[in-house]
Amino acid sequence: MKNIAILGSTGSIGTQTLQVIDANPERFNVEVLTANNQVELLAQQARKFKPNMVVIGNEAKYSELTELLKDEDIKVYAGSEAIAQVVQTSTIDVVVTAMVGYSGLLPTINAIKAGKTIALANKETLVAGGALVMEAAKKQGVPVYPVDSEHSAVFQCIQGCPERKALKKLILTASGGPFFGKSMKELEQVSPEQALKHPNWDMGAKITIDCATMMNKGLEIMEASWLFDMPIDRVDVVVHRESIIHSMVQFQDNSVLAQLGVPDMRIPIQYALTYPKRLRSPVKELDLTELGALTFFPPDEENFLCLKACKQAMILGGTAPAAANGANEQAVELFLQKKISFLDIGRMVSLAIERHTDRKLTGLEDILKADRNAREFVLREAD
């Protein structure tokens with residue numbers, strides 16, 4: 001029996017993690033649930049799974065959550081500091097980091113320092129603080145298991161690699177999002193409503209917009225570089241519209257291993273929680289005869305600037321990736337508010353990296369500063 005803490009339990013990954021746990025009650029116990037704003041759903045989850053503690057990030061909703069759970073023997077806390085603290089609770093075995101964006105960094109570092117196994121679904125954690133996170137995990141001897149479908153696929157494939165030097169490159173697949181093949185002129189007219197319609201995956205607003213701009217894939221190549229200790233020039237991207245091959249690895253002899261499955265996040269979530277075991281899941285079997293064909297295309301880095309910008313941030317190193325992430329989070333927020341255009345997101349991320357010259361990285365404060373400065377830069381550009 002593993003005691004699980006889920007950071008971001010009301011989001012897409014969090015709710016699907018609870019589905020996996022619900023299907024395996026003899027293996028998992030929910031110890032902590034956290035959410036940012038969805039207080040009613042958090043209370044429903046708490047009443048069903050009976051965690052020891054719940055935390056609502058928005059402190060203004062503390063009283064409402066307390067009232068909703070007044071008849072339950074569950075400790076209720078509020079605020080980002082509380083989220084960062086509860087992950088250190090001694091009874092927790094695994095922390096699922098499913099918070100959206102940069103906010104997952106500090107709780108993940110605290111959980112690692114407390115010796116917790118990490119099931120990582122928050123790619124921004126490694127993008128902004130990869131050096132600090134992976135160094136802490138190595139020092140504490142803490143495993144970091146990927147939950148993203150692409151990184152889980154790579155993780156599964158490299159288990160077929162008998163020696164590290166045999167690994168030549170990682171190949172991440174991308175759906176291409178809802179605007180695959182669109183021209184620059186067509187992209188200028190994209191609305192938030194159009195960008196929120198992903199062809200294959202059901203995700204939250206921020207991640208869905210990132211998929212539309214291909215920023216999500218940029219974040220993923222940075223995450224893959226840190227997770228698998230692979231230079232950025234050996235992490236490739238190929239557009240695969242069907243989202244059946246989740247990613248691949250290529251070996252020195254140029255053979256390629258791929259991990260396939262229906263596009264359902266419960267597969268990588270369950271594998272991160274049960275590794276190295278594989279259990280039955282509610283996900284349907286993959287029937288290749290139904291598909292008929294799988295297609296592959298090169299990514300369009302000229303119209304989707306975010307992917308190229310993320311590669312450049314990794315080449316620059318230091319706090320440049322944190323600046324890229326901060327600029328993107330702020331730009332996406334402005335786009336959803338209809339204050340900037342769809343293409344402005346990639347332009348602003350690219351400019352933020354170009355203008356980010358103070359890239360020294362000695363600790364968490366440097367990352368916080370880079371994130372803050374990048375957000376302020378985007379806000380000034382948008383005025």
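The analysis underlying the following values was restricted to heavy atoms, covering all of them including side chains, and did not include hydrogens, waters or symmetry mates. Fair warning: this is a prediction, and the values are worked out from it, not measured in the lab.
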>> Parallel, tilted or perpendicular: which one describes the rings of Phe155 and Tyr145, with boundaries at 30° and 60°?
In response: tilted

>> Using 30° and 60° as the class boundaries, would you call the ring planes of Phe304 and Phe342 parallel, tilted or perpendicular?
In response: perpendicular

> Hey, which of Val96, Val147, Leu126 is the one that makes side-chain contact (heavy atoms from CB on, under 4.5 Å) with Leu120?
Replying inline: Leu126

Check the hydrophobic clustering (I, L, V, M, F, W, Y; side-chain heavy atoms under 4.5 Å; chains of links allowed) and say if [X] and [Y] are grouped together.
{"X": "Ile269", "Y": "Met1", "result": "no"}
{"X": "Ile56", "Y": "Ile74", "result": "yes"}
{"X": "Val133", "Y": "Leu364", "result": "yes"}
{"X": "Leu316", "Y": "Met230", "result": "yes"}
{"X": "Leu41", "Y": "Val30", "result": "no"}

Contact between [X] and [Y] at the side-chain level, heavy atoms closer than 4.5 Å - yes or no?
{"X": "Glu381", "Y": "Asp383", "value": "no"}
{"X": "Met248", "Y": "Val238", "value": "yes"}
{"X": "Glu186", "Y": "Phe179", "value": "no"}
{"X": "Leu42", "Y": "Ser9", "value": "yes"}
{"X": "Pro282", "Y": "Gln19", "value": "no"}
{"X": "Gln337", "Y": "Leu334", "value": "yes"}
{"X": "Lys116", "Y": "Val87", "value": "no"}
{"X": "Leu305", "Y": "Val349", "value": "no"}

>> Suppose we screen for salt bridge (charged side-chain N to carboxylate O under 4.0 Å, His left out). Which residues come up paired with Lys2, at least two apart in sequence or across chains?
In response: none

> Got a sec, which residues hit salt bridge (charged side-chain N to carboxylate O under 4.0 Å, His left out) with Lys369, two or more places apart in sequence or on another chain?
Replying inline: Asp358

More than 12 heavy atoms of other residues, nucleotides or ligands under 6.0 Å from [atom1] of [X]: yes or no?
{"X": "Glu40", "atom1": "CD", "answer": "no"}
{"X": "Glu285", "atom1": "CD", "answer": "no"}
{"X": "Lys50", "atom1": "NZ", "answer": "yes"}
{"X": "Glu81", "atom1": "CD", "answer": "no"}
{"X": "Asp73", "atom1": "CG", "answer": "no"}
{"X": "Lys182", "atom1": "NZ", "answer": "no"}

Between [X] and [Y] (side chain of the first, backbone of the second, donor and acceptor by atom type, cut-off under 3.5 Å), is there such a pair?
{"X": "Ser175", "Y": "Arg241", "result": "no"}
{"X": "Asn122", "Y": "Thr125", "result": "yes"}
{"X": "Lys61", "Y": "Asn37", "result": "yes"}
{"X": "His246", "Y": "Ser152", "result": "no"}
{"X": "Glu242", "Y": "Thr295", "result": "yes"}
{"X": "Ser191", "Y": "Gln194", "result": "yes"}
{"X": "Thr17", "Y": "Ile13", "result": "yes"}
{"X": "Glu67", "Y": "Ser63", "result": "no"}
{"X": "Ser341", "Y": "Asp344", "result": "yes"}
{"X": "His240", "Y": "Leu294", "result": "no"}

Atom [atom1] of [X] and atom [atom2] of [Y]: how far apart are they, to the nearest 0.5 Å?
{"X": "Tyr271", "Y": "Gln156", "atom1": "OH", "atom2": "CD", "answer": "5.5 Å"}
{"X": "Thr213", "Y": "Ile345", "atom1": "OG1", "atom2": "CD1", "answer": "5.5 Å"}
{"X": "Thr15", "Y": "Gln45", "atom1": "OG1", "atom2": "CD", "answer": "7.5 Å"}
{"X": "Met215", "Y": "Glu329", "atom1": "CE", "atom2": "CD", "answer": "8.5 Å"}
{"X": "Ile109", "Y": "Ile367", "atom1": "CD1", "atom2": "CD1", "answer": "6.0 Å"}
{"X": "Glu124", "Y": "Asp371", "atom1": "CD", "atom2": "CG", "answer": "10.5 Å"}

Electrostatic pair [X]-[Y], nearest N-O below 4.0 angstrom:
{"X": "Lys308", "Y": "Glu302", "value": "yes"}
{"X": "Glu135", "Y": "Lys138", "value": "no"}
{"X": "Glu150", "Y": "Lys123", "value": "no"}
{"X": "Glu188", "Y": "Arg347", "value": "yes"}
{"X": "Glu301", "Y": "Lys311", "value": "yes"}

>> Run Ser247 and Gln259 through side-chain contact (heavy atoms from CB on, under 4.5 Å) and show every step you take.
In response: CA-CA 6 Å; Ser247 279; Gln259 188 265 332; over 6 Å; no

>> Apply side-chain contact (heavy atoms from CB on, under 4.5 Å) to residues Met134 and Asp229 and explain how you reach the verdict.
In response: CA-CA 9 Å; Met134 297 312 290; Asp229 192 23; over 6 Å; no

> Closest approach of Ala309 and Ile353, non-hydrogen atoms and distance?
Replying inline: O-CD1, 3.2 Å

>> Minimum heavy-atom separation for Ala272 and Pro146, please, with both atom names.
In response: CB-O, 3.9 Å

> Does any donor atom in the side chain of Ser281 or Gln270 lie under 3.5 Å from an acceptor atom in the other side chain?
Replying inline: no

>> Run the side chain to side chain donor-acceptor pair (under 3.5 Å) test on Asn29 and Asn3 for me, step by step, so that the C-alpha distance in whole Å, both residues' side-chain angles and the decisive distance to 0.1 Å come before the verdict.
In response: CA-CA 5 Å; Asn29 173 64; Asn3 290 327; 3.0 Å; yes

>> Evaluate Val54 against Thr34 for side-chain contact (heavy atoms from CB on, under 4.5 Å), listing each step before the verdict.
In response: CA-CA 6 Å; Val54 296; Thr34 83; over 6 Å; no

> Does the side-chain contact (heavy atoms from CB on, under 4.5 Å) test come out yes or no for Leu18 and Leu33, once each step is laid out?
Replying inline: CA-CA 10 Å; Leu18 286 172; Leu33 295 174; 4.1 Å; yes

